[in-house]
Amino acid sequence: MESKRQAPRPPTRHAGVTVGRVVGVPLRLDWSMLLLALAVAVMYAEFARHQLALSPAGGYVIGLGFVVSLLGSVLLHELGHALTARRYGIGVRGITLELLGGYTEMDRDAPTPRVDLLVSLAGPAVSAVLGGAAVAVTMALPDRTVGHQLAFQLAVSNVVVAAFNVLPGLPLDGGRALRAALWAATRDRHRATEVAGWVGRVVAIGTVGAAVVLALTRPPTLPVLLALPLMLLVAFTLWRGAGQSIRLARVTRRFPLIDLSRLARPVCAVPSGTPLAEAQRRAAGTDPPAALLVTDSAGGPHALVNPVEVAAVAVDRRPWVPVDAVSRPLAEVPAVSVGLDGEQVMETVRRHPGAQYVVTSGEDVVGILHLADLAQLLEPHRKMNT
């Protein structure tokens with residue numbers, strides 16, 4: 001099972017269900033983890049039943065106990081990340097247990113390479129300690145007993161999790177440790193992230209290679225047939241996570257280019273009740289096109305015309321449709337100050353997702369930031385919808 005510590009990211013709709021809090025950290029259980037837990041419980045129940053000569057019901061009880069213990073081990077691994085991050089002032093948004101293990105979501109990156117290294121290795125360290133304790137318990141218990149089998153499987157699981165996660169490639173914990181080391185050596189976090197991401201892709205290819213070797217050298221027993229698709233799924237997840245890390249490094253490198261005074265589109269103010277066609281005529285001729293700002297009877301900004309709603313209005317109807325019908329109250333549009341730097345702008349976007357942002361200078365509206373324009377600046381080689 002894989003355990004990942006993820007970098008900060010925009011809010012997403014979490015699959016599964018929130019099951020509570022552990023030491024103040026929200027805990028979520030992804031539906032994919034429930035499916036895996038059911039499969040593991042059934043398979044381990046059959047294994048335990050044959051090894052220990054148990055009844056079918058007894059086998060399923062042992063299988064369920066193993067799954068609960070395994071989930072507890074993964075949770076403790078993630079708590080190692082979470083509590084270490086909080087120790088250094090990094091907020092933790094939550095822990096999610098999913099198909100290949102789990103991940104801890106933090107609200108910002110580590111401030112220094114040293115902190116990044118400590119947070120990254122905290123999870124594998126917990127798994128190694130758990131594995132060592134389970135090995136000791138296994139050696140102390142009589143062979144071919146329920147306790148011996150559970151302890152043995154937990155020892156193997158935790159040792160494998162610890163060993164696999166210290167492999168030096170993102171998104172694994174070892175990849176984050178490698179990034180921390182490269183960051184300290186080069187003083188360039190973005191380059192360190194990109195290099196660790198490419199190493200992560202090498203690890204993914206190596207995992208595929210291991211699956212091929214397993215398929216060619218082992219007879220097609222049930223454990224092998226179950227391990228092969230799991231290894232390929234792990235490889236796919238690693239490849240995708242490594243690619244996301246590479247992309248994130250390239251994007252964050254361009255944060256200093258964010259200048260709202262240049263990036264924001266100009267505004268064209270039109271009175272409430274103005275026909276849409278007339279408002280568009282007044283705003284024409286600017287590059288990029290000016291955003292339409294609707295003013296009230298006192299001349300103050302009141303609403304912002306929504307381009308998506310405008311596009312839904314047929315051209316021949318626009319002379320008869322007032323701008324108010326395709327506008328959004330200005331109070332509902334997120335605002336950003338023109339003086340914010342790139343990281344502050346991205347933090348605002350993360351906290352307040354939207355397609356448009358009002359750019360302000362004091363109490364004045366000086367422009368409108370379109371998310372598509374920001375995305376185009378950060379990823380100039382990627383095709384964007386405007």
Side-chain angles (χ1 to χ4, degrees), residues 1-4 32-54 56 58-60 62-71 73-74 77 97-102 123-124 127-128 130-132 134-135 137-139 141 143-175 199-242:
M1 300 179 76
E2 175 194 358
S3 176
K4 308 178 292 300
S32 62
M33 170 56 80
L34 298 178
L35 294 174
L36 180 65
L38 178 62
V40 171
V42 171
M43 289 186 295
Y44 190 74
E46 290 298 312
F47 171 78
R49 190 166 65 86
H50 287 94
Q51 288 290 316
L52 305 174
L54 298 173
Y60 287 121
I62 298 301
L64 181 60
F66 173 63
V67 167
V68 171
S69 301
L70 188 60
L71 290 179
S73 298
V74 174
H77 177 111
L97 303 183
E98 59 172 9
L99 179 62
L100 296 179
S127 294
L130 291 174
V135 168
V137 172
T138 301
M139 296 176 65
L141 293 174
D143 194 15
R144 301 187 69 82
T145 62
V146 171
H148 179 273
Q149 284 295 323
L150 285 175
F152 175 75
Q153 293 298 331
L154 284 175
V156 171
S157 300
N158 279 284
V159 170
V160 168
V161 166
F164 185 74
N165 271 277
V166 296
L167 292 177
L170 288 172
L172 297 173
D173 298 324
V199 175
R201 285 189 162 177
V202 173
V203 173
I205 294 173
T207 304
V208 173
V212 172
V213 171
L214 179 65
L216 295 177
T217 59
R218 297 285 184 174
T221 60
L222 180 60
V224 171
L225 294 177
L226 293 173
L228 287 175
L230 183 60
M231 292 176 70
L232 294 176
L233 180 59
V234 168
F236 170 76
T237 303
L238 290 179
W239 182 273
R240 184 179 61 179

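This chain uses plain numbering: 1 for the first residue, then up along the sequence.
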Which heavy atom in [X] sits nearest to a heavy atom in [Y], and how many Å separate them?
X    : Y    : value
A151 : L141 : CB-CD1, 4.5 Å
G200 : A242 : C-CB, 4.0 Å
A162 : A128 : CB-N, 3.8 Å
H77  : S127 : ND1-OG, 2.6 Å
H148 : T138 : CD2-O, 3.2 Å
M231 : A211 : CE-N, 3.4 Å

Could you work out, with side chain to side chain contact (heavy atoms under 4.5 Å, CB included) as the rule, every residue matching [X], not counting sequence neighbours?
X    : value
V166 : P124
S73  : L130, L154, N158
V159 : none

Between OG1 on residue T145 and CZ on residue F152, distance to nearest 0.5 Å: 12.5 Å

How many angstroms lie between OG1 in T207 and CG in L233, if you round to the nearest 0.5 Å? 11.0 Å

Are V208 and F236 packed together at the side-chain level, in the sense that at least one heavy-atom pair is separated by less than 4.5 angstrom? no

Any side-chain heavy-atom pair of V161 and V74 under 4.5 Å: no

